[in-house]
Structure formats: structure tokens, C-alpha cells
Amino acid sequence: MEDTNLAQAVEAANASSFYDTNIKFLLADKQILARILKYAISEFKDMATEEIMSSIGEDVEIGTRPLDAGLSNLGRVSTSNTEDTIPGEGKIFFDIRFSAYHKEEKMKFLINLEAQRSSDPGKLGYHLENRIIFYLARMISAQKQTEFYHSEYDNLKKVRSIWLCLDNSADGDSIEEIRLDRNTVFGSRKTPYDVDLMRGIIINVRNGKYIKESQNVLISMLEKLLSEMSVEEKKRILTEEYGMIMTTELEGRMQTMCNWSEAIWEQGIEKGIGKERINAIERMIQAGATKEQILSFGYTEKEFAEVENILYTNV
């Protein structure tokens, strides 16, 4: 088998790696990115996946791009330059960031992809929609002195922030958009100028063993990619159903995802929770059951807290 970029990453990953790191590297493969662009961003929907792959720049960055003022301009940077120096500002990083060039529209897109283990305001401490707007605003403002200079605001590039939310219930598969709009609230004036510079896309995927296949192609692919099924079954599905080339890197990353599920079991067992109880609590959490509902089935608060902590480590 050809030792391509996709194949090397999957085999290279080991079982002790954290879930969020592995999912970033898995999603950052151009075969995956191209399909996300095709089915989540309207401008790319009519392009062939191979064409989209070739349009993605070589500037794909994973978890190394600071978000705060003056530091999020697109371009590869060294680790030593990623710290924010503005007093009182914390360091914030994009999960995955890259550019893509649409040949027909002759437009460069700046794209950010985030994998979110939880979208529950109660767990996050904020509403995810507000965070998405903040990311979009930073991607716009950071273009000054990189994509445009002085007052050349018409040279702003379109930005798209895509969020994969992984904690949805059995009927929660959906895709939502947050975007700028222009409405005339008084008078009849109409301006044809397109203000669609920034758009947030939320892809709600479900996580569980007993969910039905989604009617959305992208969500169906992502749910299989991130599921607990065996690597061999994933390879077969991604190859036969979605036309992917099974590289060493992609295989290795999928193997790591399977190892993560085993790690959840092992951590739970170390804390005195059996596999069956771990699985049951995990399924109920991901199906949207409340803590009270789960405890009513005989599970303890300690078991609930331990499984929840494992599931949402590094949210």
C-alpha cells in the first residue's frame, strides 16, 4: 500500500493519545476536509471532491494557531511565536485552520474547523453560538495587514467556521448556519451587494451504537468515521461507500479512535466501574438523558461523575 500522508498518521498514533488531539489529525486529512467543504459550504457543493482537495492550501494548521488579537493571521508559524502577548488575554487556539481557493468564483476562503465534545451551555459555561461569532470576528479582523492593507476592505476574504458537535441525541443529526444578513427595516431601498463574508456552520452528529443511519451524506460519513465499529469495517465503508483512498495515515488515526474507546473502559475500570455500566451511562449521556434520569436507573452519582469526566476530558 502506498505510504501516503493519510495512511502514515493513522498508524503513527498510539492508544495513549488524547481524543481531541487524534480527532483533529483525523479530520485534518484532505480527503476528510474536502468532503466537509463539499457538503457543509454551499460554494463548494458542485465541485468534485478531487478538485476540492487540490484547492486546499498547504497551510493546514492543527491546534497551533492562537486566536487573539494580532496573532491569528493565516500562515504557518513556529511554536515559539504562538503565545499571545496582550496583557490580560488568555491563549486561545484554533483546532484546524486552512485556506481553500474556489477557482470559478475566484475567491479565497479562510476556514476554521472545530471538534466540540459538548455543546451544552451547562457544561461549557457559555452558549456555543457566541463563541462561533467571536471566532468569525477574529478571522475577519486578523486579515488586516495580511489579506488587505489600509482601507482596501473589498479585499477581505470570506471566512467559514465549521463546528462538529459530537454530543447529540438519536434524532439530533442536523446542520445549522449562522450568517450575516441585510434587511431593509424602513423604506424600499435595496442594495444587491453580497455581505456574506462570514458564516458559522454547526454540524450536529450523534454518538452511539443504536442510532439509525443519517439521511445526510456528510453526517452519515462522520458518524461512521467516529463510531466504535472496527477499523476494518470503517476502512471498508469509507472505501466502498465514500470512495476514499485508504492510506496508512488514515488507518492509523482510525485505530487510535478505537483505542480511545478502550481507554475510556480502562479508566472506568480503574475507578471501579464495570464496562457494562460505563457503556450504559455513556449511551444515556449521549442520548441526552439528564443526571436525575440516569441516577433513577440505579447508577450512583460517583459513577455518573467519573464517566462524564472521562467523556468530556479536553472539551
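Computed from a prediction, not measured in an experiment: that's the story for all the values here.
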task = Nearest 0.5 Å please: distance from the CD1 atom of I32 over to the CE atom of M53.
result = 9.5 Å

inquiry  = Quick test of your reading: applying ring-ring contact (aromatic ring centres under 6.0 Å, His included), list the pairs with at least one residue in residues 39-61, sequence neighbours left out, ordered by first then second residue.
reply    = F44-H102, F44-F109

note = Note: L37 and A100 closest approach over all heavy atoms is CD1-CB, 4.2 Å

message = In the structure I gave you, are the side-chain heavy atoms of L128 and C165 within less than 4.5 Å of one another anywhere?
response = yes

key: Spatial distance of atom CD1 (I52) from atom OH (Y101) [nearest 0.5 Å]   = 15.5 Å

key: Minimum heavy-atom distance K234-L226, with the two atoms named   = NZ-C, 4.1 Å

key: Set of side chain to side chain contact (heavy atoms under 4.5 Å, CB included) partners for R182, sequence neighbours left out   = T191, V195

request  = Working to the nearest 0.5 Å, report the span between CD1 of I132 and NE2 of H127.
outcome  = 12.0 Å

task = Please check if the side chain of D120 supplies one atom and the backbone of G122 the other of a donor-acceptor pair under 3.5 Å.
result = yes

ask   = With D46, which residues qualify under salt bridge (charged side-chain N to carboxylate O under 4.0 Å, His left out), at least two apart?
value = none

request  = State, yes or no, whether a side-chain contact exists between L164 and L27 at a heavy-atom distance under 4.5 Å.
outcome  = yes

request  = Using the test salt bridge (charged side-chain N to carboxylate O under 4.0 Å, His left out), find all partners of E301 that sit at least two apart in sequence or belong to another chain.
outcome  = K291

task = Can you measure from CG (L222) to CD1 (I203) and round to the nearest 0.5 angstrom?
result = 6.0 Å

remark   = Sequence neighbours excluded, the answer for side chain to side chain contact (heavy atoms under 4.5 Å, CB included) partners of F148 is Q143, K144, E152, Y153, N155, L156

ask   = Going from CE on M221 to CD1 on I237, what distance comes out if it is rounded to the nearest 0.5 angstrom?
value = 12.0 Å

ask   = Is there a side-chain contact between I96 and N112 (heavy atoms, below 4.5 Å)?
value = no

Shortest non-hydrogen contact from D194 toward K158 = OD2-NZ, 3.9 Å

Polar side-chain atom of R160 near backbone of L197 as donor-acceptor pair, under 3.5 Å = yes

key: Contacts of Y193 that satisfy side chain to side chain donor-acceptor pair (under 3.5 Å) - sequence neighbours left out   = none

ask   = So, does K108 use its side chain to make a donor-acceptor pair with the main chain of K157 at under 3.5 Å?
value = no

ask   = Residues in side chain to side chain donor-acceptor pair (under 3.5 Å) with S174, at least two apart?
value = N204

I162 and I41, any side-chain heavy atoms less than 4.5 Å apart = yes

inquiry  = Using every non-hydrogen atom in the two residues, find where I56 and A34 come nearest and quote the distance to one decimal.
reply    = CD1-N, 4.1 Å

query = Hey, any chance I178 and L124 share a hydrophobic cluster, counting ILVMFWY side chains that come within less than 4.5 Å of each other, even indirectly?
reply = yes

request  = Please step through side chain to side chain contact (heavy atoms under 4.5 Å, CB included) for the pair S99 and I111, ending with a clear verdict.
outcome  = CA-CA 6 Å; S99 62; I111 300 167; over 6 Å; no

task = Classify the side-chain pair R131/Y126 by whether it contains a donor and acceptor separated by less than 3.5 Å.
result = yes

Test item: Q31 side-chain N/O and I245 main-chain N/O as donor-acceptor pair under 3.5 Å = yes

remark   = Sorted by chain and number, sequence neighbours left out, salt bridge (charged side-chain N to carboxylate O under 4.0 Å, His left out) with R199 holds for E43, E177, D196

query = Can you name the side chain to side chain donor-acceptor pair (under 3.5 Å) partners of E233, sequence neighbours left out?
reply = R236

ask   = Any sub-3.5 Å donor-acceptor pair from N168's side-chain atoms to V205's backbone N or O?
value = yes

ask   = Between the main-chain N or O of T300 and the side-chain N or O of E303, is there a donor-acceptor pair closer than 3.5 Å?
value = yes

key: Where L113 and D95 come nearest, the two heavy atoms and their spacing   = O-CB, 3.2 Å

ask   = Who pairs with E232 by side chain to side chain contact (heavy atoms under 4.5 Å, CB included), at least two apart in sequence or on another chain?
value = S230, K235

query = Side-chain contact, heavy-atom cut-off 4.5 Å: V159 with Y135?
reply = no

inquiry  = Less than 4.0 angstrom from a charged side-chain N to a carboxylate O is my criterion; do K30 and E58 meet it?
reply    = yes

key: R138 side chain to I133 backbone, donor-acceptor under 3.5 Å   = no

inquiry  = Given 3.5 Å as the limit, does a donor-acceptor pair link the side chain of T184 with the main chain of G187, or not?
reply    = no

task = Check whether F134 and M198 end up in the same hydrophobic cluster, where Ile, Leu, Val, Met, Phe, Trp and Tyr are linked by side-chain heavy atoms less than 4.5 Å apart.
result = yes

remark   = Applying side chain to side chain donor-acceptor pair (under 3.5 Å) to S119 and not counting sequence neighbours gives D167

key: side chain to side chain contact (heavy atoms under 4.5 Å, CB included) involving E213 - partner list, sequence neighbours excluded   = S220, K224

query = Below 4.5 Å, heavy atoms only, C-beta onward: do D173 and R206 meet side chain to side chain?
reply = yes

ask   = Which pair of heavy atoms, one from E223 and one from S214, lies closest together, and at what distance?
value = OE1-CB, 4.1 Å

